[in-house]
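Written out below as structure tokens is the structure these notes cover.
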Amino acid sequence: MLKRKIIETQSYWGTTCRHIHITQGSSTLVILFPGKSYSCERSLLYYATQIALEKGNDVLQLEYGYQAARTELESDQMDILVKECTEVIRQSNVHDYTNYISISKSLGTLVAGGVFDQYKALPVRHLFLTPLDQTLTYITQSQGLLLYGTDDPMFSQSSREKVKHLQQMETIVLPEANHSLESSNTEKSLHFLRQVVIQYNEFL
């Protein structure tokens with residue numbers, strides 16, 4: 001039976017964050033790290049949650065303090081964001097699990113990398129969605145799946161070349177998909193979403 005718990009935390013940004021922990025007795029925890037302006041309710045992460053639950057996993061959806069406060073994230077606040085997310089994961093009884101899967105989007109790929117840098121002993125597989133150039137260091141040190149579109153300006157050609165031959169990281173490239181893995185054409189955007197969901201099914 002699915003149980004849904006809200007983990008409330010006070011944030012540096014002066015607001016209360018509401019993180020959603022959904023459990024069904026699994027030994028695997030899937031943690032969702034949203035993008036800068038891309039919450040866990042939006043399509044890529046919504047379907048990640050649905051597939052993860054269908055596969056029998058527990059899920060933790062994070063909310064960032066600056067998002068809850070409806071403000072912007074400053075570049076010098078990343079360490080604070082990583083620290084707050086690390087604390088939320090600790091409160092979710094992280095050590096009750098034996099397997100961990102991180103699904104992160106854009107800015108979330110940086111946050112996920114920073115968080116699991118604090119939890120180096122935990123066995124984790126990463127699914128990096130539309131990463132940033134700054135995430136490259138974490139990508140090269142991780143195992144899992146990397147997914148981005150050819151029309152994404154946030155992941156440079158230089159970074160793309162560097163991840164091509166990583167043995168521990170499978171790479172999927174969607175032709176003509178942008179940073180949201182969408183297109184100006186609705187039908188094409190739905191096609192991209194279906195391709196991502198297929199990857200979720202295989203990865204999870």
Side-chain angles (χ1 to χ4, degrees), residues 5-22 29-46 48-49 59-95 97 100-122 124-142 144-149 152-156 158-160 162-163 169 178-182:
K5 175 185 177 182
I6 304 295
I7 301 175
E8 293 191 348
T9 58
Q10 298 305 308
S11 173
Y12 163 87
W13 286 271
T15 189
T16 300
C17 295
R18 294 167 59 84
H19 317 277
I20 301 174
H21 189 198
I22 307 170
L29 178 64
V30 178
I31 306 172
L32 272 67
F33 294 84
K36 185 175 183 179
S37 302
Y38 200 99
S39 72
C40 290
E41 284 73 42
R42 293 190 62 179
S43 55
L44 291 173
L45 298 182
Y46 169 82
T49 296
V59 172
L60 175 63
Q61 297 179 330
L62 296 174
E63 181 181 45
Y64 302 146
Y66 76 89
Q67 290 177 335
R70 303 296 189 268
T71 188
E72 289 295 316
L73 176 71
E74 303 297 332
S75 59
D76 61 351
Q77 295 173 335
M78 273 298 299
D79 287 347
I80 298 170
L81 185 57
V82 168
K83 182 178 180 180
E84 290 191 352
C85 289
T86 302
E87 176 59 22
V88 176
I89 292 170
R90 187 192 66 79
Q91 289 189 35
S92 69
N93 299 320
V94 66
H95 292 292
Y97 296 95
Y100 306 85
I101 297 173
S102 166
I103 300 179
S104 55
K105 169 78 175 78
S106 188
L107 175 79
T109 63
L110 265 181
V111 181
V115 166
F116 282 100
D117 210 33
Q118 312 297 313
Y119 285 116
K120 290 182 178 178
L122 296 182
V124 58
R125 291 191 301 138
H126 285 269
L127 200 170
F128 293 110
L129 295 168
T130 67
L132 308 178
D133 284 335
Q134 301 95 304
T135 315
L136 189 61
T137 299
Y138 297 123
I139 293 173
T140 57
Q141 297 173 355
S142 302
L145 175 65
L146 167 64
L147 205 158
Y148 67 88
D152 184 352
M154 307 299 288
F155 199 55
S156 69
S158 173
S159 294
R160 298 176 192 190
K162 291 175 182 175
V163 301
M169 183 66 61
N178 62 21
H179 188 60
S180 296
L181 296 180
E182 295 176 347

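Residue numbers run from 1 in the order of the sequence given. Just so it is clear, the structure is predicted and the values come from calculations on it, not from any experiment.
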**Item:** Shortest non-hydrogen contact from Ala68 toward Thr16
**Value:** CB-O, 3.9 Å
**Item:** Crowding at CG, Asp79 (>12 non-hydrogen neighbours, <6.0 Å)
**Value:** no
**Complete:** Between the CG atom in Leu44 and the CG atom in Leu147, the distance rounded to the nearest 0.5 Å is 9.0 Å
**Fill in**
What one should report as the nearest heavy-atom pair of Pro131 and Leu146 is CG-CD1, 3.2 Å
**Complete:** Only residue of Leu110, Leu62, Leu45 satisfying side chain to side chain contact (heavy atoms under 4.5 Å, CB included) with Phe33 is Leu62
**Message:** Between Asn178 and Asp152, does the side chain to side chain contact (heavy atoms under 4.5 Å, CB included) criterion hold? Intermediate values first, please.
**Reply:** CA-CA 4 Å; Asn178 62 21; Asp152 184 352; 5.9 Å; no
**Item:** Under 3.5 Å: donor-acceptor pair, side chain of Glu87, backbone of Glu84
**Value:** no
**Message:** So does Val115 get a backbone contact from the side chain of Gln118, meaning a donor-acceptor N/O pair under 3.5 Å?
**Reply:** no
**4.5 Å side-chain heavy-atom contact, Tyr38 and Ser43** = yes
**Message:** So does Val82 get a backbone contact from the side chain of Thr86, meaning a donor-acceptor N/O pair under 3.5 Å?
**Reply:** yes
**Message:** Are His126 and Phe116 an aromatic pair, judged by ring center distance below 6.0 Å?
**Reply:** yes
**Prompt:** Rounded to the nearest 0.5 Å, how far apart are OH of Tyr100 and CG of Leu122?
**Reply:** 5.0 Å
**Prompt:** Can any side-chain N or O of Tyr148 pair as donor or acceptor with the backbone N or O of Met154 at less than 3.5 Å?
**Reply:** no
**Request:** Give the C-alpha distance, both sets of side-chain angles, the deciding distance and a yes or no for side chain to side chain contact (heavy atoms under 4.5 Å, CB included) between Leu132 and Phe155.
**Result:** CA-CA 5 Å; Leu132 308 178; Phe155 199 55; over 6 Å; no
**Message:** Go through it in stages, so that I can follow the logic: the residues are Glu63 and Arg18, the test is salt bridge (charged side-chain N to carboxylate O under 4.0 Å, His left out), and I'd like the CA-CA distance, side-chain angles, deciding distance and then a yes or no.
**Reply:** CA-CA 6 Å; Glu63 181 181 45; Arg18 294 167 59 84; over 6 Å; no
**Asked** Counting distance only, does the side-chain N/O of Thr109 pair as donor-acceptor with the main-chain N or O of Lys105 below 3.5 Å?
**Response** no
**Request:** Go through Ser92 and Leu29 one step at a time and tell me if the side chain to side chain contact (heavy atoms under 4.5 Å, CB included) criterion holds.
**Result:** CA-CA 10 Å; Ser92 69; Leu29 178 64; 4.1 Å; yes
**Asked** If we ignore angles and hydrogens, is there a donor and acceptor under 3.5 Å between the side chains of Asp133 and Ser156?
**Response** yes
**Request:** Check whether any side-chain N or O of Tyr64 sits under 3.5 Å from a backbone N or O of Pro34 as a donor-acceptor pair, and report yes or no.
**Result:** yes
**Asked** Quick one: which of Ile6, Ile31, Leu32, Val88 gives a side chain to side chain contact (heavy atoms under 4.5 Å, CB included) with His19?
**Response** Val88
**Prompt:** Which distance, rounded to the nearest 0.5 Å, do you find between the CD1 of Ile101 and the CZ of Arg125?
**Reply:** 4.5 Å
**Closest contact, heavy atoms only, Gln91 versus Thr9** = NE2-CG2, 3.9 Å
**Between CG on residue Asp117 and OH on residue Tyr138, distance to nearest 0.5 Å** = 5.0 Å
**Prompt:** Is there a side chain to side chain contact (heavy atoms under 4.5 Å, CB included) between Leu107 and Met78 once you walk through the steps?
**Reply:** CA-CA 10 Å; Leu107 175 79; Met78 273 298 299; 3.7 Å; yes
**Prompt:** Side chains of Ser159 and Lys162: closer than 4.5 Å at any heavy-atom pair?
**Reply:** no
**Message:** Checking the side chain of Ser106 only, and the main-chain atoms of Gly108 only, is there a donor and an acceptor separated by less than 3.5 Å?
**Reply:** no
**Asked** Any chance the side chains of Thr49 and Gln61 put a donor and an acceptor closer than 3.5 Å?
**Response** yes
**Request:** Would you give the length of the straight line joining atom CG of Leu73 to atom NZ of Lys36, rounded to the nearest 0.5 angstrom?
**Result:** 6.0 Å
**Asked** Is the backbone N or O of Trp13 less than 3.5 Å from a side-chain atom of Ser11, with the two atoms forming a donor-acceptor pair by type?
**Response** yes
**Request:** Rounded to the nearest 0.5 Å, what's the gap from CD on Glu74 to OH on Tyr66? Could you check?
**Result:** 11.0 Å
